[in-house]
J.: 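To start, I am sharing the structure in question, which I have written as structure tokens.
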Amino acid sequence: MRKSRILTGVGIAAVALLALTGCNSGSPASPGAGEGTTPTSDKPLFEVAKDVKLTGSPTFDRITKNGKVTIGVKEDQPGLGYKDATTGERTGFDIDIARWVAASLGYGEDKIEFKAIPSANREQAIVNGDVDYYVGTYSITEKRQQVISFAGPYFVTGQGLLVRKSEDTIKSEKDLAGKTVCSATGSTPLQNIEANFPDTKTVGLDVYSACVEQLINKQVDAVTTDQAILIGYAAQDPDELKVVGEPFTTEKYGVGLAKDDTALQTFINTMFTDGGDTWKAIFEKNLGASGMKVTQPEVAK
Ligand code: GLU
């Protein structure tokens, strides 16, 4: 049972890589695509732990009571947090990080409920206990730390720009005066434009895929958010879209969790610190083909 799930995961990885290299025609991959392409392809990324004890964690108590883990994620960000509309399969670096945390707590794929929560609603979902933790391009910020806690960081990227392939007037963030840029409501990139780019108009939407649609339809001039997210959209539609410029902020991704749950925070941080090659394997599987050069960041002390 567990083994077949893991094998399915390998098939999905192949789809994710195809999407990132821009070779995906949009149709679902044929069954078994990618299997056997590497000698290690049936090696699970991580094992589901047994008999896990975690005292002093209200979140773990709730997970135990529910018999499942509820994880907040994104589902429209290829390579990071993505749900295939046809198969319903979830893929991406964040999704596998979320699965790795669940597995370390003793919960396999059949005991995970994923909930898609947009950027603006993350803190509230955690505070309300609608999710046990959140893994979805979630930058660690002091403001957010007033209401929730983060484990990590587990990934570092920075704000970038996505424009139409035909665009030649926007080459970096220095060219944004008089332009209209779209980003997600409640996100740090949107806040940055509003605070520091007074001559730039902003459009705030629920999710980034809606911004990308507006970009393709010429309703906005650029989409701004973390470059890791934008690279995924550009790879999906290389004939229409391109990423320009260099990252102009630093975004450190953390696992969002309940503010007072230091037991869970320490558990996840220890997992990241002592995880051996697992982080690297998750990165390679999901973002290896993206060309991004990222190493695992050191966990905050
Ligand atoms: N990492 C940024 C943030 O947390 C942008 C990506 C997102 O909205 O998830 O606000």
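In each ligand, atom 1 is the first atom listed, and ligand 1 is the first ligand listed.
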J.: Sequence neighbours excluded, which residues qualify as salt bridge (charged side-chain N to carboxylate O under 4.0 Å, His left out) partners of K280?
T.: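 Listed in chain order: nothing, the list is empty.
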J.: Assess, by modelled atom type and distance only, whether the side chains of Q159 and T224 contain a donor and an acceptor separated by less than 3.5 Å.
T.: yes
J.: Just to verify, what does E194 make a salt bridge (charged side-chain N to carboxylate O under 4.0 Å, His left out) with, not counting sequence neighbours?
T.: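 Per chain and number, E194 pairs via salt bridge (charged side-chain N to carboxylate O under 4.0 Å, His left out) with no residue.
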J.: Pick out which of K115, K68, K65, R62 makes a salt bridge (Lys or Arg N to Asp or Glu O under 4.0 Å) with D132.
T.: R62
J.: Does anything in residues 159-196 form a ring pair (Phe, Tyr, Trp, His ring centres under 6.0 Å)? List the pairs, not counting sequence neighbours.
T.: none
J.: Kindly say whether the aromatic ring centers of F93 and W279 come within a distance under 6.0 Å.
T.: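 Yes.
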J.: Once you restrict both partners to nitrogen or oxygen, which atoms of ligand 1 have a protein partner under 3.5 Å, and how far apart are they?
T.:
from, atom 1, to, atom 2, distance (Å)
ligand 1, 1 (N), T137, O, 2.8
ligand 1, 1 (N), S139, OG, 2.7
ligand 1, 1 (N), D226, OD2, 2.6
ligand 1, 4 (O), R122, NH2, 3.1
ligand 1, 4 (O), T137, O, 3.1
ligand 1, 4 (O), S139, N, 3.0
ligand 1, 4 (O), R144, NH1, 2.9
ligand 1, 8 (O), S119, OG, 2.6
ligand 1, 8 (O), Y208, OH, 2.6
ligand 1, 9 (O), K74, NZ, 2.7
ligand 1, 9 (O), S119, OG, 3.4
ligand 1, 9 (O), R122, NH1, 2.8
ligand 1, 9 (O), T137, O, 2.9
ligand 1, 9 (O), T137, OG1, 2.7
ligand 1, 10 (O), R122, NH2, 3.4
ligand 1, 10 (O), R144, NH2, 2.9
ligand 1, 10 (O), T188, N, 2.9
ligand 1, 10 (O), T188, OG1, 3.2

